[in-house]
Amino acid sequence: MNSTIEPATSLNKFEKFKAEKDGLAVKDELDKFAQLGWEAIDKTDLEHRLKWLGIFYRPVTPGKFMLRMRIPNGILSSNQMRVLAEVVQRYGEDGNADITTRQNLQLRGIRLEDVPDIFRRFEQVGLTSVQSGMDNVRNITGSPMAGLDGNELIDTRDLVRKVQDAITNSGKGNLHFTNLPRKFNIAIEGGRDNSVHAEINDIAFVPAYKDGQLGFNVLVGGFFSAKRCEAAVSLNVWVPPNDDVVDLCLAILIVYRDNGLRANRQKARLMWLIDEWGIDKFRAAIEEEFGRALTTAAEDDEIDWDKRDHIGVYPQKQPGLNYVGLHIPMGRLYAQDMFELARMAEVYGSGEIRLTVEQNLIIPNTPDSRLDSFLAEPLLQRFSINPAPLTRALVSCTGAQFCNFALIETKNRALAMIKAIEAELEFPRPVRIHWTGCPNSCGQPQVAEIGLMGTKARKDGKAVEGVDIYLGGKVGKDAQLGTCVQKGIPCDDLLPVLRNLLIEQFGAKPRSEVVIPSVISH
Ligand code: SRM
Ligand code: SF4
């Protein structure tokens with residue numbers, strides 16, 4: 001490792017336990033853990049190292065683990081969905097799966113003794129959960145319309161898959177990238193609408209023409225944390241849409257791995273290194289690691305559309321085929337839903353299923369002739385193609401139901417509150433509202449038009465669940481992060497505050513009163 005890393009004495013406790021034993025090492029101990037039972041496992045293995053395999057001990061539900069997958073570009077097959085459904089089905093009421101804000105799935109209720117068998121099943125269908133937590137590269141996002149969108153510039157599917165395979169050694173685990181200073185996010189956008197929130201990733205590729213050739217401009221350093229949130233900045237690099245994308249990701253990861261700050265975990269994300277070095281020194285180090293001259297960025301990128309939410313029925317570039325975007329309330333799926341979705345993807349489409357960063361789901365490749373019967377499926381009553389305007393654009397992190405960082409309950413509260421407001425008000429357009437249970441910002445309140453971040457508030461002299469309100473988040477072209485405008489509103493008092501905000505700033509209107517005749521004749 002490079003000499004700029006602080007001496008071992010200043011390493012934080014995470015660095016110390018990583019130095020003692022790499023997180024990935026628990027892979028070889030899974031059978032032993034399964035026999036021992038979770039209560040008997042070393043605490044650091046249980047609470048931290050298992051996350052290198054995507055296995056999250058949940059202090060809120062001890063013994064019932066969360067399993068975070070990797071779904072590159074958010075694309076999975078009906079077979080894979082069925083295997084995931086079978087896994088959560090084992091756990092009855094405890095079993096479910098959440099679509100995440102990184103186009104991914106997290107399974108719940110998992111028992112550690114079942115994990116060796118679950119991993120064998122994953123391997124059979126090409127699924128992996130490796131390196132999906134802690135100081136690793138998270139699920140790599142890509143355009144959900146890749147290969148379907150008539151207006152797409154670059155099909156991101158292969159590139160995302162190649163980057164994931166390089167980082168994870170094709171799902172087997174890759175010790176080169178299991179000890180980063182901190183978590184790391186990568187996104188590859190191939191369309192015009194910035195469907196991946198490029199600006200909030202540590203590395204983002206956005207389509208751009210350089211000297212007439214289509215490729216990507218590269219952004220770096222975007223991140224959210226409790227202490228600081230930053231939009232990504234230009235690396236002043238353009239790459240063609242080929243293996244250079246993979247090589248550049250690896251070069252950036254190596255420079256970050258070997259030079260990133262490791263003393264204070266609150267100052268360990270990539271942007272802190274860029275700050276310390278300045279972007280020119282950072283770029284020079286990347287170029288050296290990349291091993292050949294990097295092309296300077298194109299003047300403009302091609303992100304010039306408003307962001308689409310993909311809910312509804314849309315024609316694909318393939319004549320006669322359509323994709324159907326289903327709204328999944330709060331991204332939550334149960335085993336039966338997952339079996340049904342797998343079946344529907346096979347019956348009406350090509351067996352493919354896609355996920356979005358808005359925690360929704362797309363079934364592509366439905367022929368015109370099959371659309372009517374698809375749309376008559378009972379599941380579409382719950383997973384609508386035309387949800388009410390606030391419900392449609394609602395995103396929420398996990399919150400107190402399963403997350404021990406949470407300061408508030410999120411998903412159920414968000415849905416109930418939004419339904420109550422929808423019953424009262426009419427909206428000229430959807431309003432993007434994101435809930436997040438604590439300042440870690442997993443629910444991305446800063447990209448929302450209205451962001452709600454869990455906090456502790458005071459009411460009648462008592463500490464109660466509350467939110468800070470963020471406004472001004474813009475997505476798509478001219479993306480911009482929202483900022484905090486009001487702090488500490490008790491959740492019990494939030495509904496009227498939200499209602500007024502929606503009326504005053506988002507054009508909502510009270511629903512026309514039901515006219516009750518003044519004289520009722522008999
Ligand atoms: Fe997150 C930690 C859930 C997207 C920033 N995040 C956590 C943990 C693992 C904490 C824990 O151990 O309990 C949460 C697991 C709760 C659970 O049981 O589900 C958690 N994060 C999530 C998910 C599931 C939210 C969701 O409901 O969709 C998302 C999973 C994505 C995935 O598939 O990998 C999720 N987290 C994000 C995002 C959004 C994004 O990537 O676009 C962010 C902000 C962007 C970023 O990272 O720059 C985010 N999560 C954090 C942070 C703050 C990171 C930091 O630098 O300080 C933490 C805490 C940490 O890492 O120390 C965290
Ligand atoms: Fe948990 Fe906080 Fe992330 Fe929500 S934002 S999932 S409460 S860490």
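Ligands are counted one by one from 1 in listed order, and the atoms in each one are counted from 1 as well. Predicted model, so just to flag it, every value in this text is computed and none were measured.
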min-distance protein heavy atom vs atom 5 (S) of ligand 2 -> T436 OG1, 3.2 Å
The option among Q106, H197, K183 carrying the non-hydrogen atom nearest to atom 51 (C) of ligand 1 is K183
Closest to atom 1 (Fe) of ligand 2 (heavy atoms only, candidates A226, C403, S396) is C403
Requested in this report: Would you please determine whether S441 falls within less than 4.0 Å of ligand 1 on a heavy-atom basis?
Outcome: yes
If you scan protein heavy atoms around atom 3 (Fe) of ligand 2, the nearest is C442 SG, 2.3 Å
Counting heavy atoms under 4.0 Å, the part of S132 that contacts ligand 1 is neither
Check: of C442, G133, G331, C438, min heavy-atom distance to atom 36 (N) of ligand 1 comes from C442
* **Sidechain-backbone polar pair: Q131 side chain, I167 backbone, donor-acceptor under 3.5 Å** => yes
Closest heavy-atom approach to atom 19 (O) of ligand 1 among R332, R68, R108, E230 is made by R108
Quick note on ligand 1: atoms under 4.0 Å from a heavy atom of R182 include exactly 55 (C), 57 (O), 60 (C), 61 (O), 62 (O)
Short version for D98: what comes under 4.0 Å of ligand 1, heavy atoms counted, is neither
Checking heavy-atom distances from atom 15 (C) of ligand 1 to each of Q446, R58, K51, the winner is R58
Quick look: A400 vs ligand 2, heavy-atom contacts under 4.0 Å, and the answer is neither
Looking only at protein heavy atoms, what sits closest to atom 4 (Fe) of ligand 2 is C397 SG, 2.3 Å
Quiz item: Under 3.5 Å, N or O to N or O, is Q444 touching ligand 1 that way?
Solution: yes
Atom 53 (C) of ligand 1 has as its nearest protein heavy atom N440 OD1, 3.6 Å
Min over I140, T101, T410 of heavy-atom distance to atom 29 (C) of ligand 1 lands on T101
ask   = Within the distance-only criterion (no hydrogens, no angle test), does the side chain of E422 pair as donor or acceptor with the backbone N or O of T391 below 3.5 angstrom?
value = yes
If you compare N136, V60, T100, T61 by their heavy atoms, the one closest to atom 31 (C) of ligand 1 turns out to be T100
| message | Given 3.5 Å as the limit, does a donor-acceptor pair link the side chain of R90 with the main chain of G109, or not? | response | no
Counting from 1 in the order shown, the ligand 2 atoms closer than 4.0 Å to a non-hydrogen atom of F405 are 8 (S)
task: Taking the six-membered ring of F402 (Phe, Tyr or Trp), confirm whether the NZ or CZ of R108 is under 6.0 Å from its centre and within 45° of its axis.
output: yes
Flag C438 as yes if one of its N/O/S atoms falls below 2.8 Å of atom 4 (Fe) of ligand 2, otherwise no. no
